[in-house]
Amino acid sequence: MLEKTFDPKSVEPRLYAAWEASGAFKPSQDPNAEAFTIVIPPPNVTGSLHIGHALNNTLQDVLTRFHRMRGKAALWLPGTDHAGIATQMVVERQLAAAGNVGRRDMGREAFVEKVWQWKAESGGEIVNQLRRLGASCDWSRERFTLDEGLSAAVRKVFVQLYKQNLLYRDKRLVNWDPQFQTAISDLEVEQRETDGHYWHFAYPLADGVTFQYPVAFDEDGKATAFETRDFIVVATTRPETMLGDTGVAVHPSDERYKDLVGKFVTLPIVGRRIPIVADDYADPTKGSGAVKITPAHDFNDFGVGKRHGLPALNILTPDARLNDEVPAEYQGLDRFAARKLIVARAEEEGWLKEIEKTRHMVPHGDRSGVVIEPYLTDQWYVDAKTLAQPALKAVEEGATVFEPRHWEKTYFEWLRNIEPWCVSRQLWWGHRIPAWFGPDGHIFVEETEEEALAAAILHYGDDAPILRRDEDVLDTWFSSALWPFSTLGWPENTDDLKRFYPTSTLVTGFDIIFFWVARMMMMGIHFMGEVPFKQVFINALVRDEKGAKMSKSKGNVMDPLVLIDELGCDAVRFTMTAMSGQARDIKLSKQRIEGYRNFGTKLWNASRFAQMNECVRVEGFDPGSVKQPINKWIRGETVKTAAEVTRALEEPSFDAAATALYRFIWNVFCDWYLELAKPILNGDDAAAKAETRATAAWALDVILKLLHPVMPFITEELWDKTAEFGSPRTGMLIVERWPELPESWIDPEAEAEIGWLVETVGEIRSVRAEMNVPPGAKPPLTVIGANPETKARLARHRDLLLTLARLDSAREAEAAPAGAVPFVLGEATGALAIAEFIDLTAEKARLSKEIAGHLGEIDKTAKKLGNPDFLARAKEEVVEENRERLADAQAAKAKLEAALARLEAVG
RNA sequence: GGGCGGUUAGCUCAGCGGUAGAGCGUCUCGUUUACACCGAGAGGGUCGGGGGUUCGAUCCCCUCACCGCCCACCA
């Protein structure tokens, strides 16, 4: 006998272990089975399972389990990402906390050794947490971005791209993170709105030059008054950069400064003589219209400098202090300290003209949180523009489809405006770049040191000098970009690669469309000649119930593991599935999860009821042959639900699948079928009883299968707990075949008949509640004006009607008995003899309300049908539908009006 | 500045060309032998505003307003 409630805590670990041990997570070996592949978005090895992972991985597991049950060779390939900066940060922090020497004192080799040690000890936590979620990943294929195979793939890709001129070394401005002292890519820069100032500086003109600056204007904007100036005003939000200024730019058409182009200013503090140049970049409407040019520390200025031959003077050290290019008193100062001093000096010396407060966007490192500096260094770049073209084409032509579709626009937008991708990082934890330098700076890019040496010998001759390997590692996303094929064994042409590439569906968040999805598309197409996945399902972002992003500092974080402990894994999973609509945000509340926990309990108790009533599986039972209307009906409803869930998961439209399951199980199977079955199960008709038992058991089995992808634990447990009854089970639910039921099992007649019964019971219950008939009272029902079909139905289901509507009797008559309360029942009229409970006023109100409802309907429909255009142009069936609706409403209204008239006559 | 979403019942959302739906919450009633993590019933919306297309618009088009996000912008 089943317990009264399901106990997830004891069941989940046991079932998960059984699944894993059985090998069910491995893809089928059947060579005829179609492949279905998902590669996991590899979580950071430092990570722990947050609610976003719970959503993302639940959806992947739902798909994997669904396709596995459909007989496909389903592979969900798991793994983790070495997460360069994030991991290095964690370990460095840990070393510091333990009082160890810092990374730089420790040296590269020792430090990397420490990171590996850390990984071995605490790096795999998230993988175990995925197990708690029920993830049916094939753990035997688990990969890590820094493992041997993936590292080989990374080296190969790097070398090939280099030799194809799609990867190169270049000296240009990068986003420099002064805290980590590494370059980062554009995507790792986060613009944060910050309070700041515009400091307006007057740069003195050199060589005694003066000019007339307009100070008053007439209505037409023409200058009417001028002052003589021996300076030009520029504005900046970063005063310290002035020490690196090598020019001032004005717009070529700016009348004010026309005569200054080609002249010079003397840079304050430094005393450098720098030119005034004309460049379109200077915007006459902004500030003073003149702009200082610091080529080495501003992306725009770099371009201006190049166009006008202005030198790029680097004034910063890697940790953003001023270097020895600046006057001695500023050397070694932190950039912000220098800023203060320069402003103070400008004020003191009188060339600070104005301070303007402003709020502007300032670039910050997404990991370090410090202000990024544009910094002139040598780095490795991937020619993303070239690689992007086939990636664009693939989505334009539908080789890869996004779901929801609109994310394709975001993808296009980024790829069409893509910039070179800086892939080198000045870190230690990651894939070391396979490039070697000769003493003369000649570069050898090869997969191994031996090959590099061989190349060096070719280049230099037999007495080749000692090569120095590039110190840098690659951007973490470089290896992630290879994930769909590197995890399957590339560059070896493995069986897995042949069988499982391209993968089927990628499930991920929109926040990494650029970081990851687009780059996998570029690399996958380039190296495999085929897109890495056919579909990209973009899941929403989970937020708290007020819509705020969950964060530790806000204290609104919901820990999925705590929720699983409290409410069960299935409840969490169903919630994730049900809330996975097209919206960008999911507002998660605990109450919602509780609701789905209750749903699980409901199913559990329905099974318990079935068990108590000996509803067991019957060997050879054919649902197609059932005789009882309720059994024909539930058979059809089951078929419809199976079709709906199948369709929804194929798309996938997770919320639609969840909704269909919830409604069917609770509102159809439990609320109606089991209630309708009770009289038969308690009755004397042995044949009907046996048939109903078998049908109920069959329907429950289908329910367990259909629900299994979403709620694997409770369904597997019920499958197992009912295994000992009736005809034997062949194995675990996880490897059962997905139901494919014939449409012919939908019986329209049974549907109409049970529909009538449900509607009749509903009407009577409604009247009872509105008239406050005590639950214990069992009034007689009279049906007036029934057609032969209704009469037959009434006869067939009289017992059911009496039980469900709590009636004493139900008979046909020519007229309603005096004092009975009427209600519309299709073509007939029902009358409930509840005279002793009737409140005349309440009854009149009830009838009037009903009449008003029908009147509204009549008005609307009649108007429609009175429109000749409607009759002429609307579809035939729509017109017909409206005619019927009008007739029904008119008939119903007439009946109720007659009843109301009788009441009025009585008083 | 460029782009993308959203605006439907108190809340969270589904529906996306032909009678406005669900869950939760609210109110009323209920210890009927699966389930109070339950059952029965009820109330609640001029589908953000304005135009247009159509026989017909919550749904398609235009426009405005508000909310959110992404990208660019450190004079």
Side-chain angles (χ1 to χ4, degrees), chain A residues 2 4-6 186 191 194 196 198-200 233-238 241 249 281-283 285-292 298-300 356 358 360-363 371-372 374 404 406-407 409-410 412-414 417 510-511 513-514 541 545 547 567 571 578-579 581-589 591-592 594-613 655-656 659 662-663 667 670-671 674-675 678 682 761-762 765-770 772-776 803 806 857 860-861 864 867-875 877-879 881-882 885 889:
Chain A
L2 292 172
K4 207 165 172 179
T5 53
F6 172 60
D186 299 346
Q191 302 292 341
T194 310
Y198 288 134
W199 284 279
H200 295 248
V233 175
V234 295
T236 181
T237 56
R238 295 185 301 157
T241 62
Y281 165 65
D283 182 345
T285 65
K286 271 192 189 168
S288 67
V291 56
K292 62 194 268 312
D298 182 287
F299 288 100
N300 290 310
E356 201 184 327
T358 178
H360 60 155
M361 300 301 258
V362 177
V371 175
I372 292 304
H406 67 80
W407 287 109
K409 291 181 189 162
T410 304
F412 291 146
E413 188 62 23
W414 188 66
N417 298 299
F510 56 79
D511 49 333
I513 289 178
F514 304 151
L541 213 67
E545 52 199 315
L567 298 165
M579 299 190 80
Q582 306 241 316
R584 286 168 179 240
D585 297 339
I586 291 179
K587 289 172 191 149
L588 186 64
S589 74
Q591 203 181 31
R592 185 98 187 218
E594 278 167 2
Y596 293 126
R597 185 268 322 266
N598 298 352
F599 170 65
T601 307
K602 186 75 183 176
L603 172 66
W604 185 265
N605 277 290
S607 304
R608 195 158 158 265
F609 171 83
Q611 197 187 51
M612 291 166 101
N613 286 279
D655 55 336
T659 305
Y662 188 97
R663 290 170 70 113
N667 303 119
C670 292
D671 285 350
L674 292 184
E675 293 306 321
K678 278 176 184 175
N682 294 327
V761 170
R765 282 175 175 170
S766 180
V767 170
R768 291 182 65 122
E770 271 182 79
N772 289 314
V773 177
T803 310
R806 306 184 67 72
E857 185 74 22
K860 217 164 106 184
T861 319
K864 228 178 201 182
N867 179 353
D869 283 333
F870 174 71
L871 295 177
R873 305 195 192 210
K875 274 178 284 183
E877 59 263 37
V878 173
V879 176
E881 200 183 302
N882 276 280
R885 199 183 302 154

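Letters A, B, ... are given to chains in the order of the sequence lines, protein chains preceding strands, and every chain is numbered from 1. Worth saying up front: this structure is predicted, and the values here are computed from it rather than measured. Scope of the values below: all heavy atoms of this structure, side chains included, with no hydrogens, waters or symmetry mates.
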Practice problem: Report the distance from atom CG of Asn667(A) to atom C1' of G39(B), rounded to the nearest whole Å. | Solution: 12 Å

Quiz item: Are any of the side-chain heavy atoms of Val761(A) and Glu675(A) separated by less than 4.5 Å?
Solution: no

Quiz item: For the residue pair Ala235(A) and Lys292(A), what are the closest heavy atoms and their distance?
Solution: O-CD, 4.4 Å

Quiz item: Checking all strands, does Val878(A) fall into the base, sugar-phosphate, or nothing category for heavy-atom contacts under 4.0 angstrom?
Solution: base

Practice problem: Taking only the side-chain heavy atoms of Ala282(A) (C-beta and beyond), determine which of A36(B), A75(B), C29(B) contains the nearest atom. | Solution: A75(B)

Exercise. Check Cys670(A) against Lys602(A) and note the closest heavy-atom contact, atom names and distance.
Key: CB-CE, 3.6 Å

Quiz item: Under 4.0 Å between a side-chain N/O of Arg873(A) and OP1 or OP2 of C55(B), yes or no?
Solution: yes

Quiz item: Base, sugar-phosphate alone, or nothing: which one does Lys292(A) contact when heavy atoms must sit under 4.0 Å apart?
Solution: nothing

Quiz item: Could a donor-acceptor pair under 3.5 angstrom be found where the side chain of Lys602(A) meets the base of C35(B)?
Solution: yes

Quiz item: Hey, does Ala578(A) reach any base, or is it just sugar-phosphate, or nothing, if we go heavy atoms under 4.0 Å?
Solution: nothing

Quiz item: Contact class for Asp283(A) (heavy atom, under 4.0 Å): base, sugar-phosphate, or nothing?
Solution: base

Practice problem: Check every strand shown and say whether Tyr281(A) touches a base, only sugar-phosphate, or nothing at a heavy-atom separation below 4.0 Å. | Solution: base

Quiz prompt | Sequence-distant partners of Tyr662(A), ring-ring contact (aromatic ring centres under 6.0 Å, His included), two or more places apart | solution = Tyr596(A), Phe599(A), Trp666(A)

Quiz prompt | Whole-angstrom distance between G51(B) and C27(B), as gauged at atom C1' | solution = 41 Å

Practice problem: State, to 0.1 Å, how close Ala889(A) and Glu857(A) come at their nearest heavy-atom pair, and which atoms those are. | Solution: CB-CG, 4.0 Å

Quiz item: Expressed in whole Å, how much space separates the C1' atoms belonging to C38(B) and C69(B)?
Solution: 42 Å

Practice problem: Tell me which nucleotide among A36(B), A75(B), A22(B) gets nearest to the side chain of Arg663(A). | Solution: A22(B)

Self-check item: Rounded distance in Å - OH (Tyr662(A)) to C1' (A22(B))
Solution: 9 Å

Practice problem: Using only side-chain N and O atoms of Ser589(A), determine if any of them is under 4.0 Å from OP1 or OP2 of C24(B). | Solution: no

Practice problem: Could you tell me whether the side chain of Arg597(A) has a donor or acceptor atom within less than 3.5 Å of a complementary atom in the base of C37(B)? | Solution: yes

Quiz item: What does Glu857(A) touch in the nucleic acid at a heavy-atom separation under 4.0 angstrom: a base, only the sugar-phosphate, or nothing?
Solution: base

Quiz item: At under 4.0 Å between heavy atoms, what does Ile372(A) touch on the DNA or RNA strands: base, sugar-phosphate, or nothing?
Solution: base

Exercise. Check whether any side-chain N or O of Lys860(A) sits under 4.0 Å from OP1 or OP2 of A20(B), and answer yes or no.
Key: yes

Quiz item: If you measure from the P atom in G48(B) to the same atom in A42(B), how many Å do you get, rounded?
Solution: 27 Å

Exercise. Looking at every strand, decide which applies to Asn682(A) at a 4.0 Å heavy-atom threshold: base, sugar-phosphate, or nothing.
Key: nothing

Quiz item: Is Lys875(A) near enough to U54(B) that one of its side-chain N or O atoms lies under 4.0 angstrom from OP1 or OP2?
Solution: no

Practice problem: Please tell me which of the listed nucleotides, C55(B), G21(B), C24(B), lies nearest to the side chain of Gln591(A)? | Solution: C24(B)

Self-check item: Sugar-phosphate, base or nothing in reach of Pro363(A), heavy atoms under 4.0 Å
Solution: base

Quiz item: At under 4.0 Å between heavy atoms, what does Arg765(A) touch on the DNA or RNA strands: base, sugar-phosphate, or nothing?
Solution: sugar-phosphate

Quiz item: Which part of the nucleic acid, if any, lies within contact of Met361(A), taking any heavy atom under 4.0 Å across all strands shown: a base, the sugar-phosphate backbone alone, or nothing?
Solution: base

Practice problem: Provide the distance between the two C1' atoms, one in C13(B) and one in A20(B), to the nearest whole Å. | Solution: 14 Å

Self-check item: Euclidean distance for C1', A36(B) against G30(B) (whole angstrom)
Solution: 11 Å

Quiz item: Ignoring hydrogens and geometry, is there a side-chain-to-backbone donor-acceptor pair from Ser766(A) to Gly762(A) under 3.5 Å?
Solution: no

Exercise. Taking Thr861(A) for its side chain and Arg885(A) for its backbone only, find out whether a donor-acceptor pair lies under 3.5 Å.
Key: no

Self-check item: Contact nearer the 5' end of RNA chain B, comparing Lys678(A) with Arg592(A)
Solution: Arg592(A)

Quiz item: For the residue pair Phe514(A) and Trp414(A), does the interplanar ring angle fall in the parallel (under 30°), tilted (30 to 60°) or perpendicular (over 60°) class?
Solution: parallel

Exercise. Give one of base, sugar-phosphate or nothing for Arg806(A), where a contact means two heavy atoms less than 4.0 Å apart.
Key: base

Quiz item: Rounding to the closest angstrom, what is the interatomic distance between G45(B) and C61(B) at atom P?
Solution: 29 Å

Quiz item: So what does Gln191(A) touch, heavy atoms closer than 4.0 Å: a base, only the sugar-phosphate, or nothing?
Solution: base

Quiz item: Taking for each residue the nucleotide of RNA chain B bearing the nearest heavy atom, is the 5' side occupied by Leu674(A) or by Ala290(A)?
Solution: Leu674(A)

Quiz item: With a non-hydrogen cut-off below 4.0 angstrom, is Ala606(A) in contact with a base, only sugar-phosphate, or nothing?
Solution: base

Quiz item: Once you round it to whole Å, what is the distance between C1' of C69(B) and CG of Leu541(A)?
Solution: 10 Å

Quiz item: Backbone N or O of Met579(A) within a donor-acceptor pair of the Arg592(A) side chain at under 3.5 Å?
Solution: no

Exercise. Please check the phosphate of G5(B) (OP1 and OP2 only) for any side-chain N or O of Lys409(A) closer than 4.0 Å.
Key: yes

Exercise. Note every stem involving RNA chain B: at least three consecutive Watson-Crick or G-U wobble pairs, i with j then i+1 with j-1, with both distances under 3.5 Å.
Key: B:1-7 with B:65-71, B:10-13 with B:21-24, B:26-30 with B:38-42, B:48-52 with B:60-64

Quiz item: Side chain of Phe514(A): nearest nucleotide among C70(B), G18(B), G41(B)?
Solution: C70(B)

Quiz item: Any donor-acceptor pair under 3.5 Å joining the side chain of Glu675(A) to the base of A40(B)?
Solution: no

Quiz prompt | P atoms of C64(B) and G3(B), separation to the nearest Å | solution = 13 Å

Self-check item: Verdict with supporting geometry, Phe870(A) and Val878(A), side-chain contact (heavy atoms from CB on, under 4.5 Å)
Solution: CA-CA 10 Å; Phe870(A) 174 71; Val878(A) 173; 4.0 Å; yes

Quiz item: Phosphate oxygens OP1/OP2 of C38(B): is one of them under 4.0 Å from a side-chain N or O of Asn598(A)?
Solution: yes

Quiz item: Expressed in whole Å, how much space separates the P atoms belonging to G49(B) and U54(B)?
Solution: 23 Å

Exercise. Kindly determine whether Thr241(A) and Asp298(A) satisfy side-chain contact (heavy atoms from CB on, under 4.5 Å), including the steps that lead there.
Key: CA-CA 9 Å; Thr241(A) 62; Asp298(A) 182 287; over 6 Å; no

